[in-house]
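Note on naming: letters A, B, ... go to the chains in the order of the sequence lines (proteins, then strands), and numbering restarts at 1 for each one.
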Amino acid sequence: MSDRLPLPNSPAPSSLAAPRAISSRLFATVESVFQEEVFFLILSVFIGIFSGLAVVCFRLAIDWTHLALLGPLPQTHSWHMLAVPSLVGLVVAVLVMQLFPGVRGSGVNQTKAALYIFNGFIPFRTAVGKFICSALAIGSGQSLGPEDPSLQIGASIASVLGRQLEISREKLRLMAPVGAAAGLAAAFNAPISAVLFVIEEVIGRWSAGILGSVVLSAVSSVVIVRWFLGSEPLFRIPVTTFKRPSELIAYAVLGLAGGLASVAFAKSIGYLRPRLKAMPRWTQYFQPSLAGLIVGLIAFLGAPQVLGAGYDSMDQAMHGQYAWKLLAILALLKILASTVSFVSGAPGGMFAPTLFIGAMLGGAVGGVERIFVPQLTTGSTGTYVLVGMGVLFAGFLRAPMTSVFMVLEVSGNYEIVVPVIVANTFAYLVSRGLQPVPIFDLLTRQDGLSLPSLEEEREETILRVEDAMLPVPDTILNAQDYVDANARRVQDATESAFLVRLHPTGWSTIGRDQLLRLFQEGKGEHKLGSLLPAQGLPSLYPDLPLEAALRPLNNFPLVPVVNRADVHRLEGVVSRDSVFKRYGAR
Amino acid sequence: VPRDFAERLSRLVPRSSPLLILLLLTLAAVAGFAAVGHLVARFNANQQSRGRKLYAAGLEDINANRYSNAIAAFRAALTCDPTNSQYQLSLGRALRDSGDPLLLDEAESYLLALWQRAPQDAAINLALARVAARRGDIQDATRYYHNAMYGVWSSDADANRRTVRIELIQFLLKQNAVAKAESELIALASSLPQDPALHLQAARLFDQAQDYAGARAQYEEVLHLGPANSAALSGAGEAAYNLGDYLAAQRYLQRAINANPQDVHSRQLLATTELVLRVDPYRSHISDAERNRRIAAAFAQAGQRLTACAQQLGISLQSSPTPSATPASNTAQPPKSLLALQSSWSAMKPQLPHLRSAAESDLPDSIMDLVFQIEQQTAGQCGAPQGYDLALLLISQKREAAGQ
């Protein structure tokens with residue numbers, strides 16, 4: 001029992017007081033939940049759910065199309081192989097040209113453009129068109145993957161939802177990457193890789209602002225996909241082994257080969273795509289059909305593995321079913337098939353073809369190394385195939401972090417991490433050396449857009465305060481000294497402005513003319529500190545970006561640069577001249 | 001029209017009511033969940049039906065030994081129903097049995113994936129055991145066969161476990177892992193039901209493991225259940241013959257021939273057995289005169305065998321191995337052991353008449369030791385003997401075994 005008595009003026013306790021308090025607290029909580037920041041997080045979960053549902057339907061649509069058009073297991077030397085991709089390519093072209101003009105290609109760049117150019121706007125028609133056209137194209141055998149379209153479908157759903165709920169423009173812009181992460185995670189059943197890919201390729205910069213939303217949407221979409229389609233991985237994971245450090249040499253060679261293959265793949269797309277786009281409009285009705293005919297011919301002549309995404313073939317390569325010569329041939333044929341399919345404008349992604357080429361190349365290189373340097377290759381074929389996937393991902397898509405995590409997520413084996421990092425590094429370096437512009441940036445530029453790139457941002461030299469810092473000045477005034485003493489000190493100095501040390505701590509600044517004027521006005525007996533403005537001078541640290549110096553220099557001629565470990569210790573100063581001079585020298 | 005509808009719908013939703021928005025989103029998610037669930041269920045049902053047809057076609061191909069067709073059919077069935085364990089198991093088995101060593105790894109990976117989900121499943125363990133057996137990996141095969149034996153069978157567990165153990169024994173015998181096979185055989189024999197066919201199978205496995213005592217016990221078990229079983233009589237006779245129990249062998253083999261007069265093998269064995277019994281000087285219940293007669297006959301037979309063997313090898317036992325013999329001589333030099341035996345035989349011959357003397361109590365054994373040496377040496381150099389010589393060799397082996 002409470003030992004406090006009610007005050008005379010306090011209202012009498014009633015039996016309704018407690019429920020009212022609970023009710024008002026509940027409403028306050030609900031209100032706080034629906035502040036935009038928190039609401040955005042909740043909305044991310046719904047975006048994940050809706051994207052997951054859409055991707056489940058998308059995968060069913062691809063499977064159904066494939067079964068209906070090509071049967072459960074495509075047979076070589078069947079007229080189906082020639083006719084189906086070609087005829088369906090014609091249908092897809094008509095749909096793309098007449099009804100869904102925004103669904104050409106992969107969808108990654110369109111999503112990025114929505115974020116940076118169109119304030120997060122992606123029409124719902126794009127999602128519908130991408131769904132139908134990609135399902136038809138991939139299901140009929142075009143050598144493309146379902147991941148990038150899933151990414152765009154997710155982004156489109158998020159954009160529609162954001163517009164319908166009339167959230168702020170700032171948040172609406174961020175909806176696209178949130179949906180993109182959800183779509184990609186659902187398609188690849190790998191939430192971490194999807195989050196990293198969206199950050200590396202779509203957002204283009206590391207920003208913690210929407211990381212929570214991206215993760216939430218990716219996880220919720222993966223939960224939905226696993227709910228409906230099961231949690232089986234895309235491949236049966238083989239036994240992966242890494243026994244001796246000397247094996248890293250073999251993986252480095254795989255990285256080099258992967259880098260060269262990535263360059264060949266990227267250059268062929270970069271060369272053909274603008275030329276095909278520049279052809280008369282009527283030809284674009286037949287380009288997907290021609291691409292389908294080429295892909296179908298490859299399948300007809302004995303390599304049906306190149307049809308569609310090819311996950312089954314990757315699975316078989318992983319378990320040593322193909323000899324190294326066949327693996328090498330399949331890698332080459334897939335580069336050809338995916339190039340023609342992609343440049344023809346058929347909607348579909350590059351994710352799966354990249355993994356396919358990498359898998360086949362990895363298996364082939366591993367097989368060759370096993371013959372010539374068996375002492376360096378104790379890893380299983382499956383290990384090389386898995387590492388090969390990461391290699392092409394790093395080399396072609398130029399998403400090095402995603403490539404490492406993708407292999408880890410797919411294999412569930414951390415033993416493989418060192419070979420993956422080594423091989424990916426080599427592939428990335430070779431690819432970057434021979435093809436300076438990453439594939440997605442290249443496609444963006446071919447489309448006449450300019451979007452930020454994380455790779456370019458990484459390579460950008462950042463100017464820092466220390467780059468424009470001047471040495472500690474000879475003359476530093478003291479706020480505790482009288483004006484006349486300070487005026488005498490500056491008489492022989494050449495500077496036009498001086499730092500003033502405040503007590504007990506802090507800095508200010510004063511110009512030579514201002515100080516001499518105070519002296520002439522007869523304020524020589526005053527302490528300098530008493531005449532200075534109350535607002536102190538902000539200080540900088542040497543490692544801060546040089547942009548950080550611009551704001552204080554707008555108000556003060558000099559800004560002190562102090563040590564982070566001891567803020568009383570002056571490291572130097574920056575002035576407007578020194579900053580502009582540094583920018584000018586860049 | 002859809003845009004117009006969406007706009008009208010959106011006008012109905014007051015933006016100021018976040019609770020309503022949340023409710024609507026939840027309802028939409030639930031509706032989407034239900035619709036997609038229905039779609040997925042229908043799609044899966046369709047796929048499963050297609051998969052069943054392909055699976056049935058694959059089974060037909062397996063029965064007709066068309067492994068590549070069966071593999072294609074099972075693969076197609078799995079594309080329709082990727083998580084179906086039965087399809088995976090059948091594909092794994094087809095890949096394993098296709099005879100293509102390249103496919104063995106893939107078979108193992110399918111089966112291992114199944115095993116990780118159901119390590120207690122006897123059928124999966126048996127399939128993995130057969131993969132390991134194909135590789136000749138005794139350790140893995142034994143492990144998986146044991147897992148299969150002690151695993152869960154959907155029906156007729158005892159019979160299946162017995163069949164698996166028999167398969168393991170056959171594998172171990174094929175790999176020459178006789179000791180391991182024998183231990184499995186003992187376990188098998190102890191758990192066999194009263195079934196003549198099973199005891200007969202076990203007896204033959206004991207025979208293969210050269211455990212003739214175990215084999216004889218199993219054959220006798222069969223005869224206990226059916227005394228006229230000619231296969232068991234023949235097997236028991238052979239087992240007794242191999243054990244050196246010629247009296248029992250004679251008894252069983254005689255009955256085997258009576259039960260099945262066409263049994264040529266038993267007839268041959270019986271002839272040898274009877275010869276052994278006729279010429280064995282160590283047989284009990286024979287008179288001294290008879291014993292001496294048998295020893296003398298054995299000695300003479302050994303001399304003939306020695307001469308015949310030397311002739312077969314193209315050498316002359318008359319030439320003495322003197323240092324003056326020229327190495328370049330065209331006459332092949334007999335092996336020293338044959339020469340030594342010939343000289344021992346020649347040295348022993350004058351002593352034969354002393355067999356009856358009571359003072360020469362060691363002489364019978366000395367003569368028979370020489371006879372046994374000659375029979376063993378000639379068997380090694382001139383091939384397996386026949387008839388009398390074979391009988392003498394068998395007696396020598398029995399004596400050696402008894403001595404050990």
Report task. To the nearest 0.5 Å, tell me how far Asp63(A) CG sits from Thr79(B) OG1. Result -> 8.5 Å
Query raised in the report: At what distance, to the nearest 0.5 angstrom, does CG of Leu43(A) lie from CG of Leu25(B)?
Result: 6.5 Å
Query - Residues in side chain to side chain donor-acceptor pair (under 3.5 Å) contact with Tyr311(A), at least two apart in sequence or another chain - result: Glu147(A)
Query - Trp153(B) atom CH2, neighbour heavy-atom count above 12 within 6.0 Å - result: yes
Query - Heavy-atom contact with chain B under 4.5 Å, split by part of Trp227(A) - result: side chain
Requested in this report: Quick one: closest heavy-atom pair of Phe228(A) and Gly37(B), and the distance?
Outcome: CE2-CA, 3.3 Å
Query - Exercise: identify the closest heavy-atom pair between Gly32(B) and Leu53(A) - result: C-CD1, 3.8 Å
Query raised in the report: Looking at Ile224(A), Leu60(A), Thr381(A), Ile49(A), which has the largest count of heavy-atom pairs under 4.5 Å with chain B?
Result: Leu60(A)
Report summary line: Filtered by a 4.5 Å non-hydrogen cutoff, the part of residues 127-135 of chain B contacting chain A is none
Query raised in the report: Which residues from residues 38-56 of chain B are near chain A, with near meaning under 4.5 Å between non-hydrogen atoms?
Result: Leu39(B), Val40(B), Phe43(B), Gln47(B), Arg50(B), Leu54(B)
Query raised in the report: Do any of residues 66-76 of chain B come closer than 4.5 Å to chain A, heavy atom to heavy atom, and if so which ones, in number order?
Result: Ala72(B), Arg75(B), Ala76(B)
**Report entry** Phe124(A) atom CZ, over 12 foreign heavy atoms within 6.0 Å
**Finding:** no
